[in-house]
Amino acid sequence: MDAHEVNRARAKLALFVADVFASVPRKDQRAKSDCYLRGLMLDGRRKSIQPMAERLPDGNEQNLQQFVNQSTWDPVPVRRRIAERMVPQVGPDAWAVDDVSFPKDGKMSVAVAPQYCGALGKQANCQVAVSVHAVSEAASCPLQWRLFVPQEWAEDPVRRRKTGIPEETGHREKWRLALDSIDELAGWGLVPPVVVADAGYGQNADFRDGLERRSIGYVVAIRSDVTVHPHDAVPTAPTWSGNGRKPQPRYRDKPSPVAALAAGHGRPAFTEVTWREGSRGPMRSCFLALRVRPAGIRSRRLARAATTGPDSWDGVLPEVTLLAEWPDGAEAPTGYWLSSLPADTPITELVRLAKIRWRIEHDYRELKHGLGLDHFEGRSWNGWHHHVTLVTAAHAFLTEQRLAPKADTANSPSTRSSTPSRTC
């Protein structure tokens with residue numbers, strides 16, 4: 001936004017800040033949050049504190065530095081109010097679990113470490129945060145953030161003390177952080193209609209099991225090497241001789257990688273589905289839905305643990321839907337998802353949910369490039385959480401402005417009302 005547009009929105013922004021930052025105790029701090037949000041929304045290449053303060057007529061670099069890095073205001077109630085306010089407006093079809101990386105120099109920024117950096121597509125020095133977003137085809141909004149603390153930081157009291165990491169916060173896997181976020185949101189009275197995630201989460205049997213234990217449906221991406229049994233496979237046990245331990249039932253045939261299983265059905269078994277209108281026309285591809293039973297040691301252990309006793313498991317693995325995509329021109333299927341939604345869920349709905357993560361990728365461009373999500377130059381735990389909360393607030397405000405005066409536009413084609421047009 002240019003300065004004129006920001007000034008024109010000042011009254012609306014003031015009302016937004018008064019509501020979202022009502023938990024911030026001091027009036028001067030709430031005024032600084034208004035100032036910081038305007039700095040984030042103003043045009044400018046860098047959204048770190050110094051250049052923002054220079055662009056704002058009421059910008060004071062020292063005051064903003066203190067507000068973000070040293071002030072003790074709690075960002076959690078602010079994020080809660082943003083979530084409570086935005087979920088009804090977004091009207092989410094799903095919640096998307098994702099993570100985002102922040103490339104960094106040096107080793108003193110909180111939780112920075114050599115690790116996979118999605119922003120660069122390789123191992124690099126960076127911070128990584130796990131996020132949960134409310135997402136529909138029209139909009140998305142971050143609801144919760146968790147900064148991933150690498151193992152080396154959990155065991156480094158010097159850096160922890162310098163950056164202010166709370167004593168109770170240690171290393172925790174990203175999939176656990178995602179479930180923690182979902183649990184906190186549930187404590188606020190917010191429950192997802194369904195969870196979608198990329199293969200970094202969908203691949204993990206514990207993550208899928210955690211969603212099932214919370215009675216949350218999912219459509220999550222997986223890699224091609226995940227192994228499954230056909231839905232009609234039946235575990236059997238050899239005849240017991242009466243001596244030794246009684247044999248346990250198990251599947252006698254080896255499980256198949258999902259790539260081999262899907263390709264084995266042949267391209268004619270796939271059906272063309274259109275899931276939305278893209279900038280260059282309808283988005284369509286060919287898909288196949290199959291009922292399967294995910295295999296693997298971890299899946300077996302989780303299924304056994306879910307039974308009432310150690311000897312009561314009948315060996316049957318839970319049944320889910322495998323969704324596979326075989327695009328035109330490809331020699332074999334290229335995409336795979338697992339879904340715990342009811343078996344009679346239409347393939348068009350499965351495809352729409354599998355593909356809905358495009359929306360958060362679209363909005364991440366605004367969060368990063370437009371609002372400076374990854375421009376924070378401070379090093380502290382509090383500073384990082386303050387900054388991402390303020391960026392979330394700025395994004396929420398802009399999303400509200402886009403959604404409020406809904407323009408009369410033609411309905412975009414989607415799989416809500418479409419049917420498969422032909423076999424592939």
Side-chain angles (χ1 to χ4, degrees), residues 24-26 29 32-33 36 40 46-53 60-79 97-132 142 144-181 183-184 200-201 204 206 367-368 372-392:
V24 176
R26 289 168 43 186
Q29 291 176 329
K32 290 170 188 173
S33 65
Y36 199 90
L40 293 172
R46 287 294 298 175
K47 299 299 175 75
S48 51
I49 291 175
Q50 180 181 355
M52 286 199 305
N60 182 301
E61 182 181 352
Q62 183 177 351
N63 285 346
L64 291 180
Q65 289 280 8
Q66 194 278 333
F67 170 66
V68 174
N69 291 307
Q70 286 83 43
S71 181
T72 57
W73 61 274
D74 187 353
V76 175
V78 177
R79 289 205 297 268
V97 170
D98 201 12
D99 51 58
V100 60
S101 54
F102 306 86
K104 291 289 182 180
D105 295 324
K107 62 177 186 177
M108 293 309 296
S109 293
V110 62
V112 71
Q115 54 194 319
Y116 180 75
C117 179
L120 301 177
K122 62 180 181 179
Q123 290 286 120
N125 204 52
C126 65
Q127 299 164 317
V128 176
V130 175
S131 55
V132 177
Q144 193 55 278
W145 298 92
R146 288 284 193 280
L147 184 59
F148 173 69
V149 178
Q151 187 66 49
E152 66 180 73
W153 276 81
E155 301 166 353
D156 190 334
V158 175
R159 285 197 296 178
R160 290 176 62 89
R161 184 173 61 254
K162 286 185 176 180
T163 55
I165 297 179
E167 289 185 8
E168 66 275 11
T169 301
H171 172 71
R172 195 160 172 79
E173 299 94 331
K174 294 170 190 172
W175 67 269
R176 293 187 191 276
L177 294 177
L179 293 177
D180 291 345
S181 295
D183 288 342
E184 184 170 21
Y201 296 90
N204 191 302
D206 287 280
L367 285 162
K368 281 191 165 186
L373 178 65
D374 55 353
H375 293 184
F376 179 62
E377 296 177 350
R379 294 179 172 180
S380 71
W381 175 271
N382 270 350
W384 186 90
H385 284 85
H386 286 161
H387 174 73
V388 298
T389 300
L390 288 157
V391 171
T392 300

Heavy-atom donor-acceptor pair, [X] side chain to [Y] backbone, under 3.5 Å:
X    : Y    : answer
N125 : G106 : yes
T389 : H385 : yes
Q50  : E61  : no

How long is the gap from [atom1] on [X] to [atom2] on [Y], to the nearest 0.5 Å?
X    : Y    : atom1 : atom2 : value
T72  : R26  : OG1   : CZ    : 8.0 Å
F102 : S109 : CZ    : OG    : 11.5 Å
M108 : T163 : CE    : OG1   : 7.0 Å

Minimum heavy-atom distance between [X] and [Y], given as atom pair plus value:
X    : Y    : result
S48  : H375 : CB-O, 3.5 Å
V68  : H386 : O-ND1, 2.7 Å
V76  : D74  : N-OD1, 3.0 Å
A178 : V97  : CB-CG1, 3.6 Å
V110 : S380 : CG1-O, 3.7 Å

Is the shortest side-chain N to carboxylate O distance from [X] to [Y] below 4.0 Å?
X    : Y    : result
R146 : D180 : no
R79  : E184 : no
E377 : R46  : yes

**Message:** The test is side-chain contact (heavy atoms from CB on, under 4.5 Å); show your working for V388 and L373 and say whether it passes.
**Reply:** CA-CA 6 Å; V388 298; L373 178 65; 3.9 Å; yes
**Prompt:** What do the steps show when you test Q66 against S71 for side chain to side chain donor-acceptor pair (under 3.5 Å), and what is the final call?
**Reply:** CA-CA 6 Å; Q66 194 278 333; S71 181; 4.8 Å; no
**is_close_aromatic(W153, H171), centroid dist under 6.0 Å** =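 No, the ring centres sit 6.0 Å or more apart.
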**Request:** Could you go through the side-chain contact (heavy atoms from CB on, under 4.5 Å) check for W73 and N382 one step at a time?
**Result:** CA-CA 9 Å; W73 61 274; N382 270 350; over 6 Å; no
**Asked** Would the number of heavy atoms belonging to other residues, nucleotides or ligands and lying under 6.0 Å from CD of E167 be above 12?
**Response**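 Atom CD in E167 is not crowded, with 12 or fewer foreign heavy atoms closer than 6.0 Å.
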**Asked** Please, which pairs that meet salt bridge (charged side-chain N to carboxylate O under 4.0 Å, His left out) have at least one residue in residues 157-166, sequence neighbours excluded?
**Response**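 Found E152-R159, D156-R159.
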Measure the shortest side-chain to side-chain distance between [X] and [Y] over non-hydrogen atoms and say whether it is less than 4.5 angstrom.
X    : Y    : result
S131 : Q144 : no
S181 : L179 : no
Q127 : S101 : no
F148 : D99  : no
L390 : S33  : yes
P51  : K47  : no
W384 : R379 : no
I49  : N69  : yes

**Message:** Less than 3.5 Å apart, any donor N or O on the side chain of E155 or Q151 sitting next to an acceptor on the other?
**Reply:**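 Short answer, yes.
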**Item:** Full working for side-chain contact (heavy atoms from CB on, under 4.5 Å) between K122 and C117
**Value:** CA-CA 6 Å; K122 62 180 181 179; C117 179; 5.8 Å; no
**Request:** Begin with the C-alpha distance, continue with both residues' side-chain angles, and end with the deciding distance and a verdict on side chain to side chain donor-acceptor pair (under 3.5 Å) for Y201 and D98.
**Result:** CA-CA 8 Å; Y201 296 90; D98 201 12; over 6 Å; no
